[in-house]
There are 2 protein chains.
Amino acid sequence: MNAEEIRQSLEGRGLRCTPQRYAVMAFLMESNRHPTAAEIFEGVNHMDPRSSRATTYNNLRDLVQAGLVREVAVEGRAARFDAKGMRHHHFICDRCGNVEDIEWYNVPRPASKSIGKRVLRECEVIFRGLCTKCAPRHATR
Amino acid sequence: MNAEEIRQSLEGRGLRCTPQRYAVMAFLMESNRHPTAAEIFEGVNHMDPRSSRATTYNNLRDLVQAGLVREVAVEGRAARFDAKGMRHHHFICDRCGNVEDIEWYNVPRPASKSIGKRVLRECEVIFRGLCTKCAPRHATR
DNA sequence: ATATCAGATTAGATTCATTCTAAATTATTC
DNA sequence: GAATAATTTAGAATGAATCTAATCTGATAT
């Protein structure tokens with residue numbers, strides 16, 4: 001997604017494409033990691049020192065509500081964010097807490113009796129274990 | 001798990017079975033919901049008004065480290081907790097944010113090339129959609 | 001080009017969630 | 001009962017996120 005696509009996706013959802021909002025979106029789209037709001041603010045503020053922490057939070061909230069960004073479900077104090085591009089699962093390292101993308105694949109749905117009358121929209125898998133940095137060299141699998 | 005089992009599981013992990021710690025553990029074990037630390041503190045403090053918020057937080061941290069309690073991966077500001085009993089998946093409602101247990105079933109592991117050299121310990125599924133309270137009466141499935 | 005309006009930004013204050021601190025208490029062991 | 005170490009306490013402190021009122025800025029109309 002390039003600059004024009006970002007603009008179109010923002011305006012298509014009734015959001016103005018301000019430099020600050022664009023910067024948040026661009027930061028997330030080129031980030032493979034799942035940054036916290038503070039990390040996003042630091043990255044955005046590095047390029048434009050006048051930009052405000054509250055603006056970054058406001059923009060994140062608006063982008064999540066607009067469906068362009070998602071908050072990643074992870075444990076820990078700070079929320080983490082992800083631009084909604086290709087769907088993917090997540091891998092969370094038990095040791096260092098790092099969150100990585102894992103290629104999407106459809107998981108089988110659970111038995112109907114488990115789901116009951118709920119309306120299922122998505123099944124996301126959270127994998128846990130040790131990431132490549134934290135795994136021992138000769139891992140048994 | 002009854003009182004004696006709680007005591008044994010605490011002491012088996014080098015933790016004293018204090019009334020406050022027992023109360024946190026018991027609260028989580030009889031709670032089907034996934035309470036926040038504040039909700040746990042309120043419940044525990046209701047029964048023993050002298051108990052301290054810091055104690056509840058300290059005990060939650062110790063219980064998580066001891067492997068008796070787990071922090072549930074959800075979005076939002078406050079962490080949520082779950083006693084580790086039977087393994088289960090979670091369902092998060094898009095509308096009300098409620099977190100419910102879904103019976104465990106093993107999901108197929110992803111392709112080896114997706115996982116690479118990571119060491120996989122667990123695959124938890126997060127289901128999202130509308131819970132039974134929020135779903136329309138005649139839901140299409 | 002100017003005026004108007006509504007969305008957005010700003011900077012610091014405020015709130016919420018969680019952790020820290022030092023003193024006191026309590027459970028365990030001898 | 002004494003000693004020791006774990007734990008609790010109550011409030012302070014910190015980190016994360018939100019609020020506020022004033023100001024700025026982009027879009028639109030003229």
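First the proteins, then the strands, lettered A, B, ... as listed; each starts at 1.
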- Item | Close side-chain approach of A/His34 to A/Val74, heavy-atom, < 4.5 Å | no

- Item | Side-chain donor/acceptor of B/Arg80 to backbone N/O of B/Val72, under 3.5 Å | no

- Task: Remember a base hit wins even if backbone is also touched, and classify B/Thr18 as base, sugar-phosphate or nothing at under 4.0 Å, heavy atoms.
- Result: sugar-phosphate

- Rounded distance (Å) that lies between atom C1' of D/dC19 and atom CG of A/Leu60: 17 Å

- Quick one: is A/Arg21 getting a side-chain N or O under 4.0 Å of the C/dA8 phosphate, OP1 or OP2? yes

- Task: Look at A/Gln20 and D/dT25 and indicate whether a side-chain polar atom (N or O) is within less than 4.0 Å of OP1 or OP2.
- Result: no

Give each protein N/O atom lying under 3.5 Å from an N/O atom of nucleotides 15-19 of chain C, with the pair distance.
| from | atom 1 | to | atom 2 | distance (Å) |
| --- | --- | --- | --- | --- |
| C/dC16 | O4' | B/Arg77 | NH2 | 3.3 |
| C/dC16 | O2 | B/Arg77 | NH2 | 3.2 |
| C/dT18 | OP1 | B/Ala79 | N | 2.9 |
| C/dT18 | OP2 | B/Tyr57 | OH | 2.8 |

- Query: Would you find a donor on one side and an acceptor on the other, under 3.5 Å apart, between the side chain of B/Asn45 and the backbone of B/Phe41?
  - Reply: no

- Query: More 5' along DNA chain C: A/Pro49 or B/Arg16, using each one's nearest nucleotide?
  - Reply: A/Pro49

- Query: Counting heavy atoms not belonging to A/Arg61, are there more than 12 under 6.0 Å from its CZ?
  - Reply: yes

- Message: Applying ring pair (Phe, Tyr, Trp, His ring centres under 6.0 Å), can you list everything that pairs with B/His88, at least two apart in sequence or on another chain?
- Response: B/His90

- If an axis is fit to five pairs at each end of the helix from C/dA1-D/dT30 to C/dC30-D/dG1, what is the angle between the two, to the nearest 10°? 30°

- Task: In whole angstrom, give the distance that lies between atom CG of B/Asp48 and atom C1' of C/dT26.
- Result: 14 Å

- Query: When we call it a touch if two heavy atoms are under 4.0 Å apart, what does A/Asp62 touch: a base, just sugar-phosphate, or nothing?
  - Reply: nothing

- Kindly indicate whether the side chain of B/Asp82, heavy atoms from C-beta on, has any atom under 4.5 Å from the side chain of B/Asp101. yes

- Task: Look at the side chain of B/Glu11 and decide which nucleotide, out of C/dT28, D/dT9, C/dT9, has an atom nearest to it.
- Result: C/dT28

- Mind calculating the distance between CG (A/Leu15) and C1' (D/dG26) to the nearest angstrom? 14 Å

- Query: Does A/Phe127 have B/Arg118 sitting over its ring (NZ/CZ under 6.0 Å from centre, angle to axis within 45°)?
  - Reply: no

- Carboxylate-amine/guanidinium contact B/Glu124 B/Arg87, below 4.0 Å: no

- Let me know the distance between CD of B/Gln65 and C1' of D/dT7, rounded to the nearest Å. 15 Å

- Task: Salt-bridge test for B/Glu75 and A/Arg70: reply yes if a basic N is under 4.0 Å from a carboxylate O, no otherwise.
- Result: no

- In whole Å, what is the span from the CZ atom of B/Arg50 to the P atom of C/dT25? 9 Å

- Item | Protein-nucleotide distance (B/Asn59, atom CG; C/dA27, atom P), rounded to Å | 13 Å

- Message: If I take atom CD1 in residue A/Ile40 and atom P in nucleotide D/dA16, what distance separates them, rounded to the nearest angstrom?
- Response: 13 Å

- Under 4.0 Å between a side-chain N/O of A/Thr55 and OP1 or OP2 of C/dT10, yes or no? yes

